[in-house]
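All chains are named by letter (A, B, ...) in the order of the sequence lines, taking the proteins before the strands, and each is independently numbered beginning at 1.
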Number of protein chains: 2
Amino acid sequence: MPAASPRPRPTLRDVAATAGVSKSLVSLALRGDPGVSESTRDRILAVAEQVGYRPSLSARTLKQGRSMLLGVVISSLENPYHTEIVASVEDAAEQVGLSVVLAHGSRDRGRLADRVQQLGDLGVDGLVVVSSWVPDEVLTAAARRLPVVMVGRTADPVAGVDSVTNDDEQGAALVVDHLVGRGYERIAHVTSSTRPAGLARRRGYEDAMRRAGLGGHVRVAAPDAVDGLLDDGYRAVFARNDVEACDVLDRALDRGLRVPDDVAVVGYDDTLLARRVRPALTTVQQQREVMGARAVALLTGRLGGRSDDVHEVLEPRLVVRASG
Amino acid sequence: MPAASPRPRPTLRDVAATAGVSKSLVSLALRGDPGVSESTRDRILAVAEQVGYRPSLSARTLKQGRSMLLGVVISSLENPYHTEIVASVEDAAEQVGLSVVLAHGSRDRGRLADRVQQLGDLGVDGLVVVSSWVPDEVLTAAARRLPVVMVGRTADPVAGVDSVTNDDEQGAALVVDHLVGRGYERIAHVTSSTRPAGLARRRGYEDAMRRAGLGGHVRVAAPDAVDGLLDDGYRAVFARNDVEACDVLDRALDRGLRVPDDVAVVGYDDTLLARRVRPALTTVQQQREVMGARAVALLTGRLGGRSDDVHEVLEPRLVVRASG
DNA sequence: CTGAAAGCGCTTACAG
DNA sequence: CTGAAAGCGCTTACAG
């Protein structure tokens with residue numbers, strides 16, 4: 001069946017002509033300005049509907065200097081932690097009438113930097129960055145033209161960029177203390193990350209072990225080198241995130257070990273994965289809902305004129321499930 | 001540290017004034033028009049760089065009538081199949097110089113319809129819809145103002161909308177034939193879906209069972225009602241997608257069954273999940289890379305003037321792993 | 001209650 | 001090789 005090919009969209013001018021009024025009147029009627037009589041408004045709305053009028057956001061953005069759009073950049077769509085943060089940002093954005101446009105960078109620094117630029121060029125009113133892979137200078141440059149808030153850890157504060165993050169050191173300490181409380185002493189840490197959050201969790205692990213008098217048992221390995229830990233009698237493993245905890249889980253189960261009877265495994269992030277996997281994962285929950293809400297609040301604060309940088313740190317919570 | 005608060009971005013006019021030339025010359029220089037002398041261009045580029053000039057996409061879109069943006073709408077960020085399709089669309093889009101903006105609808109029909117509208121209002125040059133939840137009338141309406149291609153199955157062809165999908169019936173038949181070849185007769189189907197793709201897979205399963213002379217064993221259950229199947233001696237389960245196959249896997253393992261020795265489990269989609277899970281999932285692979293490329297090709301075809309609807313159907317392939 | 005006019009930042013013929 | 005001018009679709013004072 002032959003389809004109607006897209007024709008030039010009707011504009012305000014078309015609606016005005018059809019309704020026999022001026023463009024400005026249509027514009028006022030469309031957004032419900034009280035200065036337009038009800039009967040006129042109804043007639044104009046009917047015509048707009050009938051001709052299939054839709055406002056051009058680029059025209060509106062150009063004129064108004066704001067788009068009511070909020071850009072969100074994430075490293076990759078594959079990481080459930082990131083996509084779950086996005087959802088919480090969107091919910092918060094919707095509350096204040098902002099729509100979210102999402103872009104991701106497939107874990108590639110250059111592509112991520114491009115996405116940040118693109119969203120800025122597109123005219124979003126603010127940017128939420130959920131990725132530690134965007135170079136600092138790109139963030140700083142972006143912050144010169146629009147409010148930017150970083151969700152998650154950076155190595156150092158980035159000038160002009162607000163942030164909201166969880167206390168990774170404390171999260172790691174929660175895990176260690178929990179395992180120590182259950183009588184474990186040989187507690188190993190598994191990580192493949194050199195990103196700021198990963199490093200902070202590692203630091204938190206090491207510090208907590210020392211505080212517990214277990215400094216001698218501190219041991220860090222890569223996820224694929226976990227066999228050595230098990231051979232050395234480590235019976236509790238804290239992984240830097242849920243994904244790597246699942247890798248450890250698989251490896252342990254492949255070796256015929258029972259979890260948590262033979263080895264306890266703990267993750268970080270409390271992603272859907274943590275609930276899906278068997279046994280379900282003990283993990284650390286960041287306050288995702290709160291993070292999204294705070295990120296949007298920081299953005300609107302900037303839009304409202306604030307010019308000093310704000311860095312919020314939220315407290316993580318331990319979620320105990322079957323794995324350890 | 002006090003941050004530079006965002007100031008009005010420099011415009012073409014600012015660059016022109018600083019460089020001491022006209023706006024039009026700057027515009028031409030910036031996009032490398034051969035009519036601008038090299039020395040002039042270099043000087044202008046240097047000034048643009050120095051003042052931090054970035055073009056306004058809304059102004060450009062308004063003027064040119066195209067944005068070089070491609071909108072992608074997905075149901076939800078949680079479904080790995082959908083996000084993996086997005087990646088393939090993006091790769092293909094990048095080839096032809098289009099940038100992707102992504103929106104999702106949290107599985108909510110109303111929200112999805114909003115997103116489709118919003119992307120249209122934003123001025124994207126085409127729309128790829130990776131969700132069967134968008135109402136037909138919304139798709140039709142969208143197709144009146146811009147090219148729309150549906151990736152995945154709809155119940156019936158939607159007027160004005162191109163599509164690319166895999167042959168779900170054939171995919172289901174591949175699974176049944178594979179299991180029959182391994183000697184299974186009591187092969188059940190697990191599905192929770194009333195969406196077109198789910199229904200097609202179910203139909204494919206039933207037809208293939210009949211063709212194999214196993215019509216008497218046809219049995220369909222919900223994922224959470226799989227216990228009945230196992231009790232009734234079904235030792236092979238074909239789930240409508242990888243996610244539900246994992247649910248079945250968990251249930252079987254929880255009952256102490258070994259997979260695939262006691263029960264074979266097969267999924268559909270070949271998502272990352274299929275590789276991650278233990279035992280790794282036998283599943284059906286849609287040609288994701290090809291789907292993204294075809295979707296973009298259909299879009300550019302429309303932009304090039306084609307007006308008849310095109311529906312492409314790709315052949316799925318069986319991927320045999322450990323689970324069945 | 002309604003209309004004419006200016007202008008957002010760009011691009012693109014059109015003159016020189 | 002370069003500049004003045006029009007116009008994309010909107011919104012917003014400003015007059016009436």
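In summary, of the residues considered (A:Leu119, A:Leu127, A:Val128, A:Val101), a side chain to side chain contact (heavy atoms under 4.5 Å, CB included) with A:Val72 occurs for A:Val128 alone.
Between A:Lys23 atom NZ and C:dC1 atom P the separation is 23 Å, expressed in whole Å. The CZ-P distance, from A:Arg41 to C:dC1, rounds to 10 Å in whole Å. Separating the CG atom of A:Leu122 from the P atom of C:dG9 is a distance of 16 Å, rounded to the nearest angstrom. Across the protein-nucleic acid pair, A:Asp121 atom CG and C:dC8 atom P stand 20 Å apart, rounded to whole Å. One interatomic measurement links the two molecules: CG of A:Leu28 to C1' of D:dG9, which rounds to 15 Å at whole-angstrom precision. Taking atom CZ of residue B:Arg43 and atom P of nucleotide D:dT2, one finds them 8 Å apart after rounding to whole Å. Residue A:Gln64 contributes atom CD, which lies 16 Å from atom C1' of C:dA6 at whole-angstrom precision. Here C:dA4 presents its P atom at 12 Å from CZ of A:Arg13, a figure rounded to the nearest Å.
A:Arg111 contributes no side-chain N or O that, together with a main-chain N or O of A:Ser75, makes up a donor-acceptor pair within less than 3.5 Å. Checking side-chain atoms of B:Ser67 against main-chain N and O of B:Gly123 turns up a donor-acceptor pair under 3.5 Å. A donor-acceptor pair is defined here as one N or O able to donate and one able to accept, closer than 3.5 Å; such a pair exists between the side chain of B:Asp125 and the backbone of B:Met68. Using a distance-only test at 3.5 Å, with no hydrogens or angles considered, a donor-acceptor pair links the side chain of B:Asp309 to the main chain of B:Gly160. Here the side chain of A:Arg195 pairs no donor or acceptor atom with the backbone of A:Ser131 at under 3.5 angstrom.
Side-chain proximity of B:Val21 to the nucleotides D:dG3, D:dC10, D:dA6 is greatest for D:dG3.
The phosphate of D:dT11 has OP1 or OP2 within less than 4.0 Å of a side-chain N or O from A:Arg31. The phosphate of C:dG3 (OP1 or OP2) has a side-chain N or O of A:Ser22 nearer than 4.0 angstrom.
The partner of D:dA13 cannot be assigned: no Watson-Crick or G-U wobble pair with both contacts below 3.5 Å exists in any strand.
Mapping A:Ser24 and A:Ser37 onto DNA chain C by nearest heavy atom places A:Ser37 at the nucleotide closer to the 5' end. For B:Thr40 and A:Arg66, each mapped to the nucleotide of DNA chain D holding its nearest heavy atom, the one lying further toward the 5' end belongs to B:Thr40.
Among the protein residues, B:Leu12 comes within range of the nucleic acid bases, having at least one heavy atom under 4.0 Å from a base atom. Backbone-only engagement by B:Arg54 is indicated by non-hydrogen atom pairs under 4.0 Å involving sugar-phosphate atoms exclusively.
Heavy-atom distances under 4.0 Å link DNA chain C to A:Leu62, A:Lys63 of residues 55-63 of chain A, given in residue order.
Separation of atoms NZ (A:Lys23) and CG (A:Leu25) is listed at 12.5 Å; rounding is to 0.5 Å.
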